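I have a structure I would like to understand better, so I am pasting it below and will then ask my questions one at a time.
Not measured: the values here are computed from a predicted model.
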Amino acid sequence: MPTPFYLSAEEKERSRALYEAVFTEDSRKFVDYYYRYKTKDNEILTLEEDRQLVSMLHLNPYPMIVNGYEVKSNYIVAVATHADYRHRGYMRLLLEKALRDMAAQKMPFTFLMPASEGIYAPYDFVWICSHTDLQGRVAQMDAEGQNQYLAKRYQMFCKRDMRYMECQMAERLAEEGEEPAGKMPPYMARITDVCQMLRLAGSSREKTMYLRVKDPIISSNDGYFLWQTFGEESTARRLEHIPQKLDLSLTVGELASMIFGSFRICLSELV
């Protein structure tokens with residue numbers, strides 16, 4: 001099997017041929033936008049065969065606001081394998097590598113808009129929310145105005161800043177004259193660091209819970225955890241021993257459903 005590697009900034013343009021070969025529905029104008037704006041600060045994880053890139057996924061960074069805390073997250077997009085190299089386990093290789101790398105960075109979660117639930121459910125991705133189109137007047141607000149509006153109504157959303165607003169404006173220009181894409185699919189998410197995710201999940205009541213979490217991909221998530229909430233505070237730590245008492249035993253996907261299901265979430269990002 002080939003070894004996954006990240007493209008350097010100078011190499012990112014090499015992935016464009018694979019992008020255009022797989023995502024034929026995207027216009028030249030949109031792909032120009034994507035490679036000018038989104039690849040400035042993203043990571044592109046790839047596989048190479050016969051001296052050409054044959055499989056890839058892009059990790060597009062987004063600062064997120066979750067229950068008032070700002071955290072880093074990646075939006076997984078442009079998951080693609082050249083038609084001649086499919087059914088070889090390449091996507092699994094890339095996805096598992098990306099998940100472990102995000103866990104090493106103590107990133108709480110990652111999210112995506114799936115082409116099909118069946119592709120990502122085996123990796124413990126779960127549905128979290130529908131695509132939300134912001135009302136016209138809200139979309140016209142500046143970054144600070146949008147952040148204030150969203151913070152009053154949602155517990156989780158992508159933070160607006162100068163970079164975010166610049167990309168949104170360029171994206172709208174790239175889509176001018178294009179046919180509407182129709183109803184957008186909902187988003188899925190995957191926990192990449194159990195402790196960091198639990199610390200974002202506050203509770204209005206005090207509680208102490210001992211959890212057994214099963215994660216076949218990220219070893220640091222697979223084990224026993226102590227989760228405590230009091231007021232708006234939430235703490236979590238991985239245990240080195242099996243606790244005498246166990247409140248819940250669940251997969252990392254079931255934990256994600258439990259936590260994200262308690263959030264009011266607004267996501268409207270495309271890439």
Side-chain angles (χ1 to χ4, degrees), residues 19 23 25-42 58-78 107-115 117 125-190 197 200-204 232 234 256-257 259-271:
Y19 188 108
F23 303 109
E25 69 277 11
D26 287 354
S27 68
R28 174 68 180 268
K29 192 176 178 183
F30 183 84
V31 180
D32 285 345
Y33 148 74
Y34 184 87
Y35 273 84
R36 179 179 176 187
Y37 286 89
K38 302 305 290 187
T39 62
K40 275 184 181 179
D41 57 1
N42 78 347
H58 295 213
L59 300 174
N60 291 354
Y62 278 90
M64 306 291 294
I65 303 298
V66 185
N67 277 333
Y69 295 98
E70 182 176 338
V71 297
K72 293 179 180 179
S73 185
N74 281 330
Y75 185 12
I76 300 176
V77 303
M107 196 172 285
F109 64 92
T110 184
F111 65 105
L112 51 77
M113 182 182 285
E117 176 187 14
F125 281 84
V126 299
W127 297 115
I128 58 167
C129 69
S130 300
H131 181 273
T132 304
D133 281 319
L134 296 180
Q135 299 172 5
R137 68 177 185 85
V138 179
Q140 297 304 314
M141 293 177 178
D142 62 13
E144 183 179 356
Q146 288 194 27
N147 286 328
Q148 290 177 356
Y149 174 88
L150 293 168
K152 290 176 182 176
R153 293 161 178 81
Y154 299 98
Q155 291 169 283
M156 176 175 145
F157 58 91
C158 293
K159 181 185 176 183
R160 275 58 173 163
D161 55 20
M162 187 180 300
R163 167 85 173 135
Y164 182 100
M165 302 303 284
E166 177 189 24
C167 286
Q168 289 296 98
M169 175 61 73
E171 187 176 292
R172 283 196 290 271
L173 291 173
E175 292 175 330
E176 279 185 357
E178 297 294 321
E179 289 293 322
K183 184 174 174 59
M184 303 300 294
Y187 295 88
M188 299 181 84
R190 211 272 190 193
M197 193 71 230
L200 297 174
S203 174
S204 58
E232 295 182 356
S234 182
S257 291
I259 294 174
F260 287 112
S262 69
F263 291 166
R264 297 184 304 279
I265 303 172
C266 177
L267 291 175
S268 54
E269 291 66 33
L270 297 182
V271 290

Spacing of CD belonging to Q148 relative to CE belonging to M141, to within rounding of 0.5 Å: 9.0 Å
Going by atom types only, do Y19 and D26 share a side-chain donor-acceptor pair under 3.5 Å? yes
On a heavy-atom basis, which atom in I265 and which in I128 lie closest, and how many Å separate them? CD1-O, 3.8 Å
Using modelled atom types only, decide if a donor and an acceptor are shared between the side chain of N67 and the backbone of L200 within a distance under 3.5 Å. yes
Taking atom CZ of R153 as the centre, report whether more than 12 heavy atoms of other residues, nucleotides or ligands fall under 6.0 Å from it. yes
K38 side-chain N/O to C167 backbone N/O, donor-acceptor pair under 3.5 Å: no
Shortest non-hydrogen contact from S73 toward F109: OG-O, 2.8 Å
Might you work through the side chain to side chain contact (heavy atoms under 4.5 Å, CB included) test for L59 and I76, ending with a clear yes or no? CA-CA 5 Å; L59 300 174; I76 300 176; 3.7 Å; yes
Between the OG atom in S268 and the OH atom in Y187, the distance rounded to the nearest 0.5 Å is 6.0 Å
Does the side chain to side chain contact (heavy atoms under 4.5 Å, CB included) test come out yes or no for L134 and L150, once each step is laid out? CA-CA 10 Å; L134 296 180; L150 293 168; 4.0 Å; yes
Polar side-chain atom of Q155 near backbone of R264 as donor-acceptor pair, under 3.5 Å: yes
With a sphere of 6.0 Å drawn around CD of E144, does it hold more than 12 non-hydrogen atoms of other residues, nucleotides or ligands? no
Quick one, L112 and R190 - any side-chain contact, counting heavy atoms below 4.5 Å? no
Minimal heavy-atom distance between D41 and P61, with the atoms involved, is O-CG, 3.4 Å
Do you know the tightest heavy-atom contact between M64 and C158? SD-SG, 3.4 Å
Would you check if P63 and D161 make a side-chain contact, meaning some heavy-atom pair closer than 4.5 Å? yes
Smallest heavy-atom separation, A201 atom then S234 atom, equals O-OG, 3.5 Å
Do K40 and Y37 meet the cation-pi criteria used here (NZ or CZ under 6.0 Å from the six-membered ring centre, within 45° of the axis)? yes
Tell me the closest heavy-atom pair linking M188 and P114, and the distance in Å. SD-CG, 3.5 Å
Quickly, which of Y62, Y75, Y164 forms a side chain to side chain donor-acceptor pair (under 3.5 Å) with E269? Name it, please. Y164
Just wondering, are more than 12 heavy atoms of other shown residues or ligands nearer than 6.0 Å to CE in M169? no
So does R36 have more than 12 non-hydrogen atoms from other groups sitting under 6.0 Å from CZ? no
Taking atom types as modelled, find out whether Y33 and E175 have a side-chain donor-acceptor pair closer than 3.5 angstrom. no
